[in-house]
Amino acid sequence: MIYENIKKILWDMQISFDEIEHEESKTCDDSKRLRSEAWLEWIWSKNIVFHCKWNFYLVTTLWDKDIKARNFKGEFGSKDIRFASADEISQVLGNDAKIWSIPPFGFSNSEIPVFVDEEIFASEYFMFNPAISTKTIRVKTSDLMKVYENMQNKVKLFKVGEEEFSVREV
């Protein structure tokens with residue numbers, strides 16, 4: 001259902017996208033190997049669901065970037081942050097959302113806040129698994145921003161520097 005919803009969002013917004021099928025990717029090493037093929041060399045996403053004080057948050061960043069949960073303690077209201085479990089991810093985003101193929105949008109939960117790494121938009125394209133670990137969708141980052149600007153979810157951009165962490169509204 002998430003996969004179909006993602007495609008509907010893109011079609012309704014008249015956003016062109018590329019889609020390929022590939023072998024399953026369940027690890028960063030799998031993703032790295034797949035990226036070396038064809039147009040998969042563009043920017044890949046890493047989508048993480050955090051749990052903090054009975055709330056969930058989706059964080060989207062680059063596949064190879066380490067995300068330190070402590071950076072978000074001010075935004076989430078606590079330093080007691082953990083990764084959501086597989087069951088929690090399915091409950092919060094939908095049954096077809098699984099670890100290793102969490103999408104950056106297209107889920108039915110309009111309440112979960114979304115945090116997006118600003119660095120993503122420095123590249124021309126962005127790629128993600130649409131809740132199916134054997135598919136990848138590629139969109140222009142300018143079009144991805146249009147999707148975020150039109151989401152019901154509260155969307156914020158974050159920036160991580162050597163000594164700084166900042167967040168701003170989309």
Side-chain angles (χ1 to χ4, degrees), residues 1-35 37-40 42-65 67 69 72 76 81-117 120 123 125-141 143-158 170:
M1 183 168 156
I2 292 174
Y3 170 67
E4 288 82 12
N5 195 38
I6 288 170
K7 288 177 39 173
K8 182 179 179 342
I9 289 167
L10 296 173
W11 286 327
D12 288 351
M13 295 183 74
Q14 299 180 350
I15 293 174
S16 63
F17 62 94
D18 297 307
E19 179 180 1
I20 64 164
E21 289 198 34
H22 49 75
E23 59 187 271
E24 189 169 40
S25 170
K26 284 193 169 185
T27 67
C28 289
D29 287 338
D30 286 347
S31 294
K32 186 175 181 179
R33 183 178 38 76
L34 288 171
R35 277 189 313 281
E37 301 172 7
W39 52 262
L40 295 176
W42 294 95
I43 301 297
W44 271 59
S45 67
K46 176 174 15 181
N47 298 289
I48 302 165
V49 177
F50 284 115
H51 177 270
C52 180
K53 293 178 94 174
W54 303 282
N55 292 307
F56 294 91
Y57 304 86
L58 175 64
V59 175
T60 298
T61 189
L62 305 174
W63 73 275
D64 60 347
K65 198 168 193 178
I67 292 296
F72 291 93
F76 296 175
I81 301 169
R82 66 171 174 79
F83 292 109
S85 70
D87 287 341
E88 289 170 330
I89 290 168
S90 293
Q91 290 171 2
V92 170
L93 297 181
N95 287 337
D96 42 353
K98 309 278 187 242
I99 294 175
W100 302 111
S101 62
I102 297 170
F105 64 91
F107 38 83
S108 59
N109 183 341
S110 62
E111 299 297 316
I112 187 170
V114 178
F115 291 81
V116 184
D117 191 334
I120 288 168
S123 182
Y125 291 98
F126 183 69
M127 298 181 354
F128 61 94
N129 294 111
I132 299 173
S133 61
T134 58
K135 291 186 183 291
T136 294
I137 290 179
R138 178 178 75 167
V139 297
K140 287 190 170 192
T141 55
D143 290 332
L144 179 64
M145 180 58 80
K146 290 176 194 172
V147 171
Y148 285 131
E149 289 170 345
N150 287 285
M151 283 179 71
Q152 289 183 321
N153 303 68
K154 180 178 267 187
V155 179
K156 294 183 178 184
L157 300 178
F158 69 90
V170 167

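- Note on ring orientation: taking the six-membered ring where Trp is involved, the planes of Tyr148 and Phe105 are perpendicular (angle over 60°, cut-offs 30° and 60°).
- Aromatic pair Phe56/Phe50: centroids not less than 6.0 angstrom apart.
- At most 12 heavy atoms of other shown residues, nucleotides or ligands fall within 6.0 angstrom of atom NZ in Lys154.
- In terms of heavy atoms, Glu149 sits closest to Val170 at CG-CG1, 3.6 Å.
- Within the 3.5 Å criterion, the main-chain N or O of Tyr125 finds no donor-acceptor partner in the side chain of Thr141.
- Residues Val49 and Ile99 form no side-chain contact, since every pair of their non-hydrogen atoms from C-beta on lies 4.5 Å or further apart.
- Taking every heavy atom of both residues into account, Ser110 and Gln152 meet most closely at CB-OE1, 3.4 Å.
- The side-chain heavy atoms of Ser101 and Ile132, taken from C-beta on, include no pair separated by under 4.5 Å.
- Residue Met13 places its CE atom among more than 12 non-hydrogen atoms of other residues, nucleotides or ligands, all under 6.0 Å distant.
- Judged by distance alone, with hydrogens and angles left aside, the side-chain atoms of Asp96 form a donor-acceptor pair with the main-chain N or O of Ile2 at under 3.5 Å.
- Other residues, nucleotides and ligands place more than 12 heavy atoms under 6.0 Å from the NZ atom of Lys156.
- For the pair Asn129 and Thr136, the minimum side-chain heavy-atom distance is below 4.5 Å.
- With rounding to the nearest 0.5 Å, the separation of OG1 in Thr60 from NZ in Lys65 is 12.0 Å.
- Looking only at side-chain heavy atoms (C-beta outward), Phe126 and Val116 stay at 4.5 Å or farther from each other.
- By the 6.0 Å contact criterion, CD on Glu111 is open, its count of non-hydrogen atoms from other residues, nucleotides or ligands being 12 or less.
- Side-chain contact check for Ile112 versus Asn153: some heavy-atom pair is nearer than 4.5 Å.
- Taking both residues in full, the closest heavy atoms of Ser90 and Ala97 are given as OG-O, 3.3 Å, listed atom of the first, atom of the second, then distance.
- Using a 4.5 Å heavy-atom cutoff, the side chains of Met145 and Leu157 are in contact.
- Taking both residues in full, the closest heavy atoms of Gly106 and Asn5 are given as O-ND2, 2.6 Å, listed atom of the first, atom of the second, then distance.
- In this pair, Trp11 and Phe17 present their aromatic rings tilted. The plane angle is within the 30 to 60° band.
- Under 3.5 Å, the side chains of Ser85 and Asp87 contain no donor-acceptor pair of N or O atoms.
- The shortest side-chain heavy-atom distance between Tyr57 and Ile81 does not fall under the 4.5 Å cut-off.
- By the 4.5 Å heavy-atom criterion applied to side chains, Leu10 and Ile137 are counted as neighbours.
- Checked against the 6.0 Å centroid criterion, the rings of Phe115 and Phe72 qualify as a close aromatic pair.
- Taking CE of Met127 as the reference point, atom CD1 of Ile120 lies at 12.5 Å (rounded to 0.5 Å).
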